[in-house]
Structures are given as C-alpha cells and as structure tokens.
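Accompanying notes for the structure given below.
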Amino acid sequence: LALNGTSAGYMAATSGNGLAIPTGDKATSVLWLEKIYPAEVIAGQTFNYDIKVTNLTRQFVDNVTVYDTLPANFRIASATPQGQPGPNSSMVWALGGLNGGESKLIHLTGSAAGVGQIASCASATFTTALCSTINVVQPALKLAKTAPAEVGFCDPIPVRLVVSNN
C-alpha cells in the first residue's frame, strides 16, 4: 500500500507511523490513523504519500474527519479524495462514516519546495451514536360483558367478560 517517491531513478525507502484515537492504545481506541510516506525525497520532484484511517471497532462510526497540516515548504499537486483548506495551513477531509473494520485512504501528491524537512501532523475526529428503537402502537381495546338480565335470590350470576384489541 505504501507509495514510494520516485524521480529520475531515485527510489526512497518507505516510512510510516500511526496514532490510535482517542486513547493512544489500539486495544481501546476507535480509529487508527496512519501516514505512509517516503523517508527521503528530492527537492522539486513530485512524490506521493498516503493517510489511512481505519475503524478499529465492530460498530459504525460517523462524521470521520481527517486533518493534515501542510508545511510552507510543501507544494500539494493533488489529493484523492479532494480535501478542503482548513485552519492553520491544514487540509481537511470529511470522509463520512466507517463500518466496523473499514478503512479509507487519502492519497496526496506534491513536492518539496526546497532542501530541509517536511514535517506535518495528522489528526482525526469522529462521532458515535447510541441508537434505540421504540415500537409505537395504537390499541383499540374493547370490553364486552354478558350477564342475564335477572337472576334469582340465591342463583349463581353467570357473567362473561371478553377483552379484544381490534
């Protein structure tokens, strides 16, 4: 999955790092955010890097949004999916929902404006919801009572009650 920067026969080693969100521990977090990028690139030559976000749970998470800071010395050429400019020189990708175990990939292409380092930080947010279902009914209860009109003084009184729900 890692895409290496290539230019003029130069192939850089691939590096990556990840962040478990929100606890920092994959076992107790909801999202795993990772960046896959070349360890070294040539100034002025285009290279690729990826940001991958994975739902670590078995539950659906919604409103997954990824943020990545773009330093001044990085010139972005393209991003798939296309992001939106965000605060503090960042790009923002509103990825929507992720099913349990599902991943989405953001692929970026750009170049270093000059010699030095390209340092950027990525983060992500999400929402979860506790949903419930309540059955709504419209009862139509009826009570039918039958009894003799008259009975003798010591005679049993046969009364019949019938409840129905139409």
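The basis for the numbers below is simple: all heavy atoms, side chains too, and nothing from hydrogens, waters or symmetry mates.
- Atom CG of Asn135 sits in a sparse spot, with 12 or fewer heavy atoms from other residues, nucleotides or ligands closer than 6.0 Å.
- Contacts of Thr80 classified as side-chain contact (heavy atoms from CB on, under 4.5 Å), with partners at least two apart in sequence or in another chain: none.
- To the nearest 0.5 Å, atoms CG (Asn17) and OH (Tyr37) are separated by 4.0 Å.
- For Pro22, the side-chain contact (heavy atoms from CB on, under 4.5 Å) partners at least two apart in sequence or on another chain are Ser29, Val30, Phe126.
- Tracing side-chain contacts under 4.5 Å through hydrophobic residues (I, L, V, M, F, W, Y), one reaches Ile51 starting from Leu31; they form part of the same cluster.
- Pairs passing the side chain to side chain donor-acceptor pair (under 3.5 Å) check and including a residue from residues 122-133, sequence neighbours excluded, read Asn63-Thr127.
- Val162 belongs to no hydrophobic cluster, as no Ile, Leu, Val, Met, Phe, Trp or Tyr side chain comes under 4.5 Å of its own.
- Rounded to the nearest 0.5 angstrom, Ser120 OG and Tyr49 OH are separated by 4.5 Å.
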For a quick test of your reading: what N or O donor-acceptor pairs under 3.5 Å do the side chains of residues 109-117 make, sequence neighbours left out?
unit_1 : atom_1 : unit_2 : atom_2 : d
Thr109 : OG1    : Asn48  : OD1    : 2.7

Donor-acceptor contacts, no H, no angles, side chain residues 85-105, under 3.5 Å, sequence neighbours left out:
unit_1 : atom_1 : unit_2 : atom_2 : d
Ser90  : OG     : Pro87  : O      : 2.6
Trp93  : NE1    : Pro81  : O      : 2.8
Glu102 : OE1    : Asn99  : N      : 2.8
Ser103 : OG     : Thr54  : OG1    : 2.6
Lys104 : NZ     : Leu95  : O      : 2.7
Lys104 : NZ     : Gly97  : O      : 3.2

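- The distance from atom CG of Leu70 to atom CZ of Arg75, rounded to the nearest 0.5 Å, is 10.5 Å.
- Hydrophobic cluster of Leu56: the remaining members, joined at side-chain heavy-atom separations below 4.5 Å, are Trp32, listed by chain and number.
- Residues satisfying the side-chain contact (heavy atoms from CB on, under 4.5 Å) test with Ala122, not counting sequence neighbours, are Leu33, Lys35, Asp68.
- The nearest pair of heavy atoms linking Ala79 to Gly83 is CB-N, 4.5 Å.
- When the side-chain contact (heavy atoms from CB on, under 4.5 Å) test is applied to Ile157, the partners found at least two apart in sequence or on another chain are Val151, Val159.
- Residue pairs that meet the side chain to side chain donor-acceptor pair (under 3.5 Å) test with at least one member in residues 139-163, sequence neighbours left out, do not exist here.
- Taken to the nearest 0.5 Å, the CD1 atom of Ile36 stands 11.0 Å off from the CD1 atom of Ile106.
- The side-chain hydrogen bond (donor to acceptor under 3.5 Å, both in side chains) test applied to Thr28 returns Thr23, not counting sequence neighbours.
- There is no path of hydrophobic side-chain contacts, each under 4.5 Å, that joins Tyr67 to Leu108.
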